[in-house]
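These notes are about the structure you will find just below.
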Amino acid sequence: MAPVPSLPIKVGHIDDVQELRKAKPATVPERFIRDMADRPKVVPNLSSSLDIPIIDLSKLMKTDKDEVMQLKTACEEWGFFQVLNHGIDLNVVEDIENVAKDFFMLPLQEKQKYPMAPGTVQGYGQAFVFSENQKLDWCNMFALGVEPPCIRNPKLWPSKPVNFRETLEIYSREVRKLCKTLLKYIAVSLGLKGGVFEEMFGVAVQAVRMNYYPPCSRPDLVLGLSPHSDGSALTVLQQGKDSSVGLQILKGQTWVPVQPIPNALVINIGDTLEVLTNGKYKSVEHRAVTHKERDRLSIVTFYAPSYDIELGPMAELVDEKNPCRYRRYNHGEYSKHYVTNKLQGKRTLDFAKIQSKTSN
Ligand SMILES: COC(=O)C(/C=C/C1=C(C)CCCC1(C)C)=C/O[C@H]1C=C(C)C(=O)O1
Ligand SMILES: O=C(O)CCC(=O)C(=O)O
Ligand SMILES: [Fe+2]
């Protein structure tokens with residue numbers, strides 16, 4: 001089942017942040033200004049001892065036991081890691097970044113030929129806005145369903161830049177292979193058969209979202225992207241080469257910045273893997289912050305089971321010590337739930353949680 005909004009919704013006027021930046025107003029419009037508690041702390045960008053783990057895929061592919069252990073620890077303790085030697089040709093990585101940048105640099109009128117209708121998630125605009133009083137992210141998004149073909153909306157695939165479509169096809173094919181490979185080793189790290197997710201997922205759903213965050217005169221007041229966990233099984237995130245450090249993940253009570261590593265891709269566990277692993281591997285809340293002088297580009301691929309798949313915690317990961325924490329549901333239903341709610345930390349996953357008797 002493809003996720004579609006059912007009710008007409010009123011979202012009010014949504015400023016395009018690149019246009020706002022060009023106009024250089026003295027103040028940031030009220031709708032972007034976060035409540036005190038939600039504002040990011042602007043700290044100098046120093047590398048810290050709290051850096052997300054790095055996994056070398058070329059070692060994993062030789063089933064190097066240490067690397068599989070590192071992967072297990074990364075998934076259990078962080079839900080995020082950076083992957084090196086991911087096997088995607090660096091020209092492909094560079095090309096997608098260039099077409100994404102070229103797209104965002106087009107005149108607004110051209111980009112608006114591919115509008116994201118209110119309450120939907122494909123096209124150019126701001127996703128996850130459902131009311132007139134909702135705070136807005138300092139971000140322009142361009143999102144497309146890629147696989148299977150039935151989730152594509154060909155009218156939203158842009159004709160400019162001319163090489164956009166071909167480049168996205170090539171990139172998506174490579175990222176799909178990477179997701180399958182990573183899921184194989186994630187299964188191995190859980191003591192499961194390598195092909196278990198691939199067999200379960202059917203024809204996996206794959207979508208891409210390009211996020212562009214222009215500089216913001218008051219990065220202390222706004223968020224680039226609201227805190228959320230991804231609804232996918234796995235997410236592959238490419239950070240633009242000269243982009244500002246903007247991605248932050250919530251570790252305990254601390255927002256930890258993800259320091260870009262040249263030629264690495266950021267991988268994170270989505271809600272779907274959290275459910276399948278009965279919470280052994282958790283999706284982790286993350287957000288993006290903005291920068292006073294520098295812009296940021298991220299290219300994000302969501303990889304998830306087919307919409308018709310019924311899923312719940314895998315029997316192998318449920319026992320007396322690890323009682324079943326999530327109910328069974330249809331993934332299409334979860335997708336619909338995900339895209340018809342605002343980004344709200346990990347709250348979206350309450351959809352699947354079995355409330356324990358002791359929790360309040
Ligand atoms: C922050 O998350 C998203 O923007 C997002 C959206 C994905 C989608 C599209 C851009 C178009 C096709 C449908 C789809 C919902 C996949 C996240 O995707 C996650 C959320 C779910 C659920 C999922 O399967 O991927
Ligand atoms: O720009 C980023 O790094 C965050 C992107 C992200 O989390 C998303 O698109 O889901
Ligand atoms: Fe995300």
Side-chain angles (χ1 to χ4, degrees), residues 1-5 52 79-80 82 100 116 120-129 137-153 156-157 172 179 201 204-213 223-240 243-250 257-260 265-275 283-291 295-307 309 311 329-346 348-349 351-352:
M1 187 189 36
V4 278
I52 67 167
F80 265 81
Q82 308 219 35
M116 186 183 285
T120 69
V121 283
Q122 295 203 46
Y124 178 74
Q126 280 226 9
F128 305 104
V129 184
D137 291 335
W138 192 265
C139 177
N140 283 335
M141 295 174 175
F142 186 49
L144 296 168
V146 177
E147 294 292 347
C150 62
I151 73 160
R152 286 190 187 201
N153 183 348
L156 295 178
W157 285 56
S172 296
C179 289
F201 280 17
V205 167
Q206 185 175 347
V208 69
R209 206 170 72 202
M210 299 168 175
N211 304 304
Y212 181 74
Y213 312 90
L223 283 175
L225 187 59
S226 302
H228 66 283
S229 61
D230 295 339
S232 50
L234 213 57
T235 301
V236 176
L237 188 153
Q238 179 177 333
Q239 315 200 66
S243 287
S244 64
V245 179
L247 174 60
Q248 298 183 334
I249 72 172
L250 189 60
V258 174
Q259 302 293 339
L265 293 168
V266 177
I267 311 294
N268 62 288
I269 302 290
D271 297 341
T272 304
L273 267 191
E274 172 166 336
V275 171
S283 63
V284 166
E285 193 169 333
H286 53 286
R287 69 180 186 185
V289 297
T290 62
H291 192 276
D295 60 1
R296 170 177 179 80
L297 173 72
S298 61
I299 298 149
V300 184
T301 299
F302 303 104
Y303 186 84
S306 166
Y307 288 139
I309 298 301
L311 53 83
Y329 59 87
N330 161 269
H331 180 66
E333 290 287 339
Y334 187 59
S335 296
K336 187 173 175 195
H337 172 76
Y338 191 94
V339 301
T340 51
N341 281 281
K342 64 177 183 179
L343 297 178
Q344 45 184 338
K346 285 209 58 171
T348 314
L349 191 54
F351 173 93

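This is a predicted model, so every value here is computed, not measured. Both ligands and their constituent atoms are indexed starting at 1 by order of listing. Just so you know, these numbers use all the heavy atoms, side chains as well, and skip hydrogens, waters and symmetry mates.
Here is the list of ligand 1 atoms found below 4.0 Å of a heavy atom in His331: 24 (O). The distance from ligand 2 to the heavy atoms of His286 drops below 4.0 Å at these ligand atoms: 7 (O). The ligand atoms of ligand 2 that sit less than 4.0 angstrom from a heavy atom of Leu247 are 3 (O), 4 (C). Here is the list of ligand 2 atoms found below 4.0 Å of a heavy atom in Asp230: 10 (O). Distances below 4.0 Å separate heavy atoms of Val339 from the following atoms of ligand 1: 15 (C). Residue Gln122 has at least one heavy-atom neighbour below 4.0 Å for each of these atoms of ligand 1: 11 (C), 12 (C). Heavy-atom proximity to Ala304, at under 4.0 Å, picks out these atoms of ligand 1: 24 (O). Each of the atoms 1 (C), 2 (O), 3 (C), 4 (O) of ligand 1 lies under 4.0 Å from some heavy atom of Arg209. For ligand 2 and Val300, the ligand atoms under 4.0 Å from any heavy atom of the residue are 5 (C), 9 (O).
The protein atom (non-hydrogen) at minimum distance from atom 8 (C) of ligand 2 is Arg209 NH2, 3.3 Å. The protein atom (non-hydrogen) at minimum distance from atom 4 (C) of ligand 2 is Tyr213 OH, 3.6 Å.
Between Ser298 and ligand 2, an N or O atom pair is found at a separation short of 3.5 Å. Residue Asp230 has no nitrogen or oxygen atom sitting less than 3.5 Å from a nitrogen or oxygen atom of ligand 1, judged on distance alone.
The closest approach between a heavy atom of His228 and any atom of ligand 2 is below 4.0 Å. The closest approach between Arg296 and ligand 2 falls below 4.0 Å for a heavy atom of the residue. At least one heavy atom of Phe128 lies less than 4.0 angstrom from ligand 1.
If you run side-chain contact (heavy atoms from CB on, under 4.5 Å) between Cys179 and each of Ile267, Thr235, Val236, only Val236 comes through.
For the 3.5 Å distance criterion, the side chains of Asp271 and Ser229 qualify, holding a donor opposite an acceptor. Judged by distance alone, the side chains of Arg296 and Gln239 do bring a donor and an acceptor atom under 3.5 Å apart.
The line from NE2 of His291 to OH of Tyr213 is 15.0 Å long, rounded to the nearest 0.5 Å. Distance check, rounded to the nearest 0.5 Å: OG1 of Thr348 to NE2 of His228 gives 9.5 Å. Between the CG atom of Leu311 and the OH atom of Tyr329 there is a distance of 4.5 Å, given to the nearest 0.5 Å. Once rounded to the nearest 0.5 Å, the distance linking CG of Leu144 with CZ of Arg209 reads 11.5 Å. In this structure, CG in Leu156 is found 8.0 Å from OG1 in Thr120, a value given to the nearest 0.5 Å.
For the pair Pro260/Val245, a side-chain contact is recorded, criterion being any heavy-atom separation below 4.5 Å from C-beta on. In this structure, the side chains of Arg287 and Leu225 stay at 4.5 Å or more apart for every pair of heavy atoms.
Scanning Phe351, Tyr307, Phe302 for the heavy atom closest to atom 14 (C) of ligand 1 points to Tyr307. Among Ala127, Gly123, Ala207, the residue whose heavy atom lies nearest to atom 7 (C) of ligand 1 is Ala207.
Heavy atoms of Leu225 found under 4.0 angstrom from ligand 2 belong exclusively to the side chain. By the criterion of a heavy-atom distance under 4.0 Å, neither the backbone nor the side chain of Val258 is placed next to ligand 2. Residue contacts with ligand 2, taken as heavy atom pairs separated by less than 4.0 Å, involve Phe302 solely via side-chain atoms from C-beta onward.
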Side chain to side chain contact (heavy atoms under 4.5 Å, CB included) between Ile299 and Val208, intermediate numbers included = CA-CA 7 Å; Ile299 298 149; Val208 69; 4.0 Å; yes

Please test Lys342 against Ser226 for side chain to side chain contact (heavy atoms under 4.5 Å, CB included), starting from the C-alpha separation and ending with a verdict.
-> CA-CA 9 Å; Lys342 64 177 183 179; Ser226 302; over 6 Å; no

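Between Tyr338 and Tyr334, the ring planes lie perpendicular to each other; the angle is over 60°, past the 30° to 60° tilted range. Taking the six-membered ring where the residue is Trp, Phe80 and His286 present perpendicular rings, their angle passing 60° and hence far from 30°.
Put simply, the side chain of Gln126 gets close to the backbone of Asp137: a donor and an acceptor are under 3.5 Å apart.
Taking 2.8 Å as the limit, the number of protein N, O or S atoms around the Fe ion (ligand 3) is 3.
Heavy-atom contacts from other residues, nucleotides or ligands closer than 6.0 Å to NZ of Lys346 number more than 12.
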